[in-house]
Amino acid sequence: MDVDYIDSYSYPRFLGPQFPFPSPPRPPGGFPGAPNGFPRSPPGGFPSFGGQQPPTTPPPAFIPQQQLATPFAVDPGAISMCLFRNTFIWLRNGSSFWFFPIFVGPRSVAGFRWNGRFWSIFGIDTRRIVSFTCF
C-alpha cells in the first residue's frame, strides 16, 4: 500500500494562530529582496522553482507505451537525462502522468505535473516511480 505520512511534529501553518510557535530559524541575511527572508512569487502569483516557470505549452496529446518496469527504484542519474523535457511517468500505485522535471536530487525529482488543464508544481520520491520515458 502506498501511503504518505506527515512527520509527527506540529506544523504551525496548519494549526493556525491558536498555538503560538516560535519562528523557524532563517538563513543569515535571508534571500535578497524577499520579506522575512523567503522568496516571493513572480508577478501573476504563480510560484516557481528558483525563477523557473512552467512550460508554456501542454505536453504531447498521446500516452506512450510503458517501458519494461523494474522492481528497483529509479536511478536519479537516469531521470536527470529528462531534465527540461516532457516526461511521462508511471508510479507504483498505478498512476501515470506527464511531468516536466527541472530538479533531480539524490532520491527525489521536482518540476511541473500536467493535470489535464495546466501545469502545477510537483515533487516525488524516485522510489515511487516504476518507469518513465522522455521526449
Side-chain angles (χ1 to χ4, degrees):
M1 184 161 90
D2 204 278
V3 179
D4 291 321
Y5 293 97
I6 294 177
D7 293 331
S8 59
Y9 62 89
S10 301
Y11 288 94
R13 74 173 216 233
F14 295 135
L15 296 175
Q18 71 267 27
F19 296 102
F21 288 96
S23 295
R26 296 201 169 94
F31 295 102
N36 299 325
F38 289 101
R40 286 183 228 172
S41 294
F46 194 93
S48 65
F49 290 111
Q52 178 65 36
Q53 294 293 314
T56 56
T57 59
F62 64 92
I63 294 180
Q65 288 255 211
Q66 184 173 5
Q67 313 254 319
L68 180 62
T70 159
F72 305 107
V74 166
D75 175 35
I79 202 165
S80 68
M81 302 306 284
C82 294
L83 281 172
F84 304 101
R85 296 171 64 189
N86 286 315
T87 305
F88 200 84
I89 292 183
W90 290 269
L91 300 181
R92 295 195 183 285
N93 68 4
S95 297
S96 59
F97 50 87
W98 283 104
F99 182 62
F100 189 84
I102 62 169
F103 171 81
V104 176
R107 285 199 328 207
S108 63
V109 59
F112 299 95
R113 178 179 176 165
W114 182 252
N115 72 4
R117 293 182 56 203
F118 55 87
W119 294 100
S120 58
I121 293 175
F122 181 77
I124 193 163
D125 188 315
T126 53
R127 294 173 295 183
R128 295 181 60 198
I129 300 172
V130 174
S131 63
F132 64 92
T133 186
C134 49
F135 296 88

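A heavy-atom distance below 4.5 Å is not found between the side chains of W114 and P54. Side chains of I102 and F84 form a contact here, defined as non-hydrogen atoms less than 4.5 Å apart. Inter-residue side-chain proximity for I124 and R113 is flagged as unmet; no heavy-atom pair is nearer than 4.5 Å. Within the 4.5 Å cutoff, side-chain heavy atoms of I129 are placed close to those of L91. Residues V74 and I89 form no side-chain contact, since every pair of their non-hydrogen atoms from C-beta on lies 4.5 Å or further apart. The closest side-chain heavy-atom distance from N115 to F97 is not below 4.5 Å.
Note: T87 OG1 to M81 CE = 11.5 Å, rounded to the nearest 0.5 Å. To the nearest 0.5 angstrom, F122 atom CZ is 13.0 Å from F112 atom CZ. Atom-to-atom distance recorded for N86:CG and F135:CZ is 9.0 Å, nearest 0.5 angstrom.
What you find for R85 and P101 is that their closest heavy atoms are O-CD, 3.4 Å. Taking every heavy atom of both residues into account, P76 and V104 meet most closely at O-CG1, 3.4 Å. Scanning all heavy atoms of the two residues, the minimum distance from R127 to R92 falls at O-NE, 2.7 Å. When all heavy atoms are compared, the tightest approach of W98 to P60 is NE1-O, 3.5 Å.
Across F99, F132, F100, a single residue satisfies side chain to side chain contact (heavy atoms under 4.5 Å, CB included) together with C82, and that is F132.
With W119 contributing its side chain and T57 its backbone, the two residues share a donor-acceptor pair below 3.5 Å.
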